[in-house]
There are 2 protein chains.
Amino acid sequence: MSGPHWWRHRFRGCGYRLTFPRQAILELLSKTSKHLSAKEIYSAVHKIYPAIGLTTIYRTLDLLVQMGLLKKFDFGDGQSRYELASGIKKNHHHHLVCVKCGKIIDYDDFVKEEIELVKKVEEALSKKYNFEIKDHKIQFYGICSKCK
Amino acid sequence: MSGPHWWRHRFRGCGYRLTFPRQAILELLSKTSKHLSAKEIYSAVHKIYPAIGLTTIYRTLDLLVQMGLLKKFDFGDGQSRYELASGIKKNHHHHLVCVKCGKIIDYDDFVKEEIELVKKVEEALSKKYNFEIKDHKIQFYGICSKCK
DNA sequence: TCCTCAATTGAAAATGATTTTCATTACCAA
DNA sequence: TTGGTAATGAAAATCATTTTCAATTGAGGA
Ligand SMILES: [Mn+2]
Ligand SMILES: [Mn+2]
Ligand SMILES: [Zn+2]
Ligand SMILES: [Zn+2]
């Protein structure tokens, strides 16, 4: 469920083209476990494809989020950060954010319990508010070991 | 646990002054159940105190967050939104965000179950990563009844 | 009550992330 | 190979937030 072939198919299916910038961005995000910002992605892709513009980075990231291939996060440092959507490479997980240094830890313990709770909540909410839940985000804030 | 007296005391305790702008912002946020942006707060306070500047709004919001009186949220509409911290007026709760119209619903069902899970998670995380958790945020994204 | 002075404020300018515009380029179906 | 359209990049525009700095003000002590 990754690689140029699958991507091409996925793009075609939505009526989009698989271009070099798009491929390069997907490749980069497939290889890292970090939560990269647009500018960080720009710097990295620029090394292998110097013609790329920051505008294209932003546009591509929007597109990939809209296609469900990426997730967009705000960890409070003034810029959006992105990672491959769950199921594509990593499992569903949540984040610990160090409020001192900004370090982000992926965390996936208690996923079973969590999914159970989330299911309950979703059921109750759809009844109570007629609200159809598509996704959720859970973040913990605190102090990492280095910053203590 | 609110009103000018308590606020004054709280400010003095931190070595700050209780000024009119600060009081006006606190009063506004005490009266609303909405999640207001800096500009919305500015507009509202401006009506009763036209001399106020947007800069002061931002500075005051930062201060109040830092003092623990407010919580700051990012619901993905490009600006920060604020509400009184839990315990001051409302109970601990989380948010449903409509990804179509931006509507935000406060939700506090299953708080007991949730707190239990959070406690478990916090314990495990502090052991596993030596990470000291101070706070958490949970948000659900979906489609509200009107937007269906 | 009056003084003093650091804390606070507001206007204007600066910053920085993201978006828009528009002319050019490059996929890809035919 | 080619035509038409989607995609791109540079530059300018937007817009929330922050910084700068001179003027104002709250509150403890005289
Ligand atoms: Mn992650
Ligand atoms: Mn709320
Ligand atoms: Zn840290
Ligand atoms: Zn809606």
Side-chain angles (χ1 to χ4, degrees), chain A residues 4-5 7-26 28 35-67 69-70 72-82 102, chain B residues 4-5 7-26 28 35-67 69-70 72-82 102:
Chain A
H5 289 174
W7 296 336
R8 168 159 274 115
H9 191 260
R10 197 80 164 59
F11 274 92
R12 287 266 181 77
C14 300
Y16 303 126
R17 296 174 184 170
L18 180 56
T19 61
F20 192 85
R22 290 173 180 179
Q23 202 168 316
I25 291 171
L26 274 169
L28 172 65
H35 307 80
L36 299 172
S37 68
K39 212 174 269 176
E40 286 167 350
I41 293 169
Y42 172 74
S43 300
V45 174
H46 186 267
K47 279 177 195 154
I48 60 166
Y49 183 54
I52 199 160
L54 186 54
T55 312
T56 298
I57 303 286
Y58 277 106
R59 273 190 296 230
T60 303
L61 291 172
D62 279 354
L63 183 72
L64 294 174
V65 167
Q66 184 227 296
M67 288 173 68
L69 294 173
L70 295 189
K72 183 177 183 176
F73 293 93
D74 171 74
F75 293 122
D77 67 342
Q79 60 205 298
S80 296
R81 293 185 170 274
Y82 302 82
Chain B
H5 290 174
W7 296 337
R8 168 158 274 115
H9 190 259
R10 195 81 163 57
F11 274 90
R12 298 303 313 148
C14 300
Y16 302 127
R17 296 175 186 169
L18 180 56
T19 62
F20 191 84
R22 289 172 180 180
Q23 203 168 316
I25 290 171
L26 274 170
L28 172 65
H35 308 80
L36 298 172
S37 68
K39 212 175 269 178
E40 287 167 349
I41 293 168
Y42 172 73
S43 301
V45 174
H46 185 266
K47 280 177 196 156
I48 61 167
Y49 183 54
I52 199 159
L54 186 53
T55 312
T56 299
I57 302 286
Y58 277 107
R59 272 189 297 231
T60 303
L61 290 172
D62 279 354
L63 183 72
L64 294 174
V65 167
Q66 184 228 294
M67 287 173 69
L69 295 174
L70 295 188
K72 183 178 184 175
F73 293 94
D74 171 75
F75 293 123
D77 66 341
Q79 59 205 299
S80 295
R81 294 184 169 275
Y82 301 82

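Letters A, B, ... mirror the listed sequences (proteins, then strands); counts begin at 1.
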How many Å lie between [atom1] on [X] and [atom2] on [N], as a whole number?
| X | N | atom1 | atom2 | value |
| --- | --- | --- | --- | --- |
| A:Arg81 | C:dT18 | CZ | P | 10 Å |
| B:His46 | C:dT9 | NE2 | P | 16 Å |
| B:Leu63 | D:dT18 | CG | P | 13 Å |
| B:Tyr49 | D:dT25 | OH | P | 7 Å |
| B:Lys72 | D:dA16 | NZ | C1' | 11 Å |
| B:Asp77 | D:dC15 | CG | P | 14 Å |
| A:Ile25 | D:dG9 | CD1 | P | 9 Å |
| A:Ile57 | D:dA7 | CD1 | P | 16 Å |

Distances for protein N/O vs nucleotides 26-30 of chain C N/O pairs under 3.5 angstrom?
| unit_1 | atom_1 | unit_2 | atom_2 | d |
| --- | --- | --- | --- | --- |
| C:dC27 | O2 | A:Arg17 | NH1 | 3.2 |
| C:dC27 | O2 | A:Arg17 | NH2 | 3.1 |
| C:dC28 | OP1 | A:Leu18 | N | 3.3 |
| C:dC28 | OP2 | A:Arg8 | NH2 | 3.3 |
| C:dA29 | OP1 | A:Arg12 | NE | 3.3 |

Inset, instruction - Identify the residue among B:Thr55, B:Thr60, B:Leu54 that makes a side-chain contact (heavy atoms from CB on, under 4.5 Å) with B:Ile57. - result: B:Leu54
Legend entry - Name of the residue among A:Leu61, A:Ile25, A:Leu36 meeting side-chain contact (heavy atoms from CB on, under 4.5 Å) with A:Tyr82: A:Leu61
Inset, instruction - Report yes if at least one side-chain N or O of A:Tyr58 is closer than 4.0 Å to OP1 or OP2 of C:dT18; otherwise report no. - result: yes
Inset, instruction - List the atom of B:Gly53, the atom of B:Tyr42, and the distance in Å for their closest heavy-atom pair. - result: C-CE1, 3.9 Å
Inset, instruction - Check A:Lys72 against A:Asp62 and note the closest heavy-atom contact, atom names and distance. - result: NZ-OD1, 4.4 Å
Inset, instruction - Could you go through the side-chain contact (heavy atoms from CB on, under 4.5 Å) check for B:Gln79 and B:Asp77 one step at a time? - result: CA-CA 6 Å; B:Gln79 59 205 299; B:Asp77 66 341; 3.6 Å; yes
Legend entry - Interatomic spacing from NZ in A:Lys39 to OH in A:Tyr58 - rounded to 0.5 Å: 6.5 Å
Legend entry - A:Arg81 side chain to A:His35 backbone, donor-acceptor under 3.5 Å: yes
Legend entry - B:Arg22 side chain to B:Arg17 backbone, donor-acceptor under 3.5 Å: yes
Listed pairs, N/O of protein and of nucleotides 11-14 of chain C, under 3.5 Å:
| unit_1 | atom_1 | unit_2 | atom_2 | d |
| --- | --- | --- | --- | --- |
| C:dA12 | N6 | B:Thr55 | OG1 | 3.3 |

Inset, instruction - Take A:Thr60 and B:Ser37, find for each the nucleotide of DNA chain D with the closest heavy atom, and name the residue whose nucleotide sits nearer the 5' end. - result: A:Thr60
Would you classify [X] as touching base, sugar-phosphate or nothing, given that sugar-phosphate means primed atoms plus P, OP1 and OP2, and contacts are heavy atoms under 4.0 Å?
| X | value |
| --- | --- |
| A:Ser80 | sugar-phosphate |
| A:Gly78 | sugar-phosphate |
| A:Phe11 | nothing |

Legend entry - Heavy-atom side-chain contact between B:Val45 and B:Phe20 under 4.5 Å: no
Inset, instruction - Please examine the side chains of B:Met67 and B:Tyr16, heavy atoms only from C-beta on, and report whether any two atoms are closer than 4.5 Å. - result: yes
Legend entry - Dot-bracket encoding per residue of DNA chain D, Watson-Crick/G-U cut-off under 3.5 Å, | denoting interstrand: ||||||||||||||||||||||||||||||
Inset, instruction - Kindly determine whether B:Phe73 and A:Asp74 satisfy side-chain contact (heavy atoms from CB on, under 4.5 Å), including the steps that lead there. - result: CA-CA 10 Å; B:Phe73 293 94; A:Asp74 171 74; over 6 Å; no
Legend entry - Evaluation steps, side-chain contact (heavy atoms from CB on, under 4.5 Å), between B:Leu63 and B:Phe11: CA-CA 10 Å; B:Leu63 183 72; B:Phe11 274 90; 3.9 Å; yes
Legend entry - Minimum-distance nucleotide (side-chain atoms of B:Gln79 versus D:dA7, D:dT17, C:dT18): D:dT17
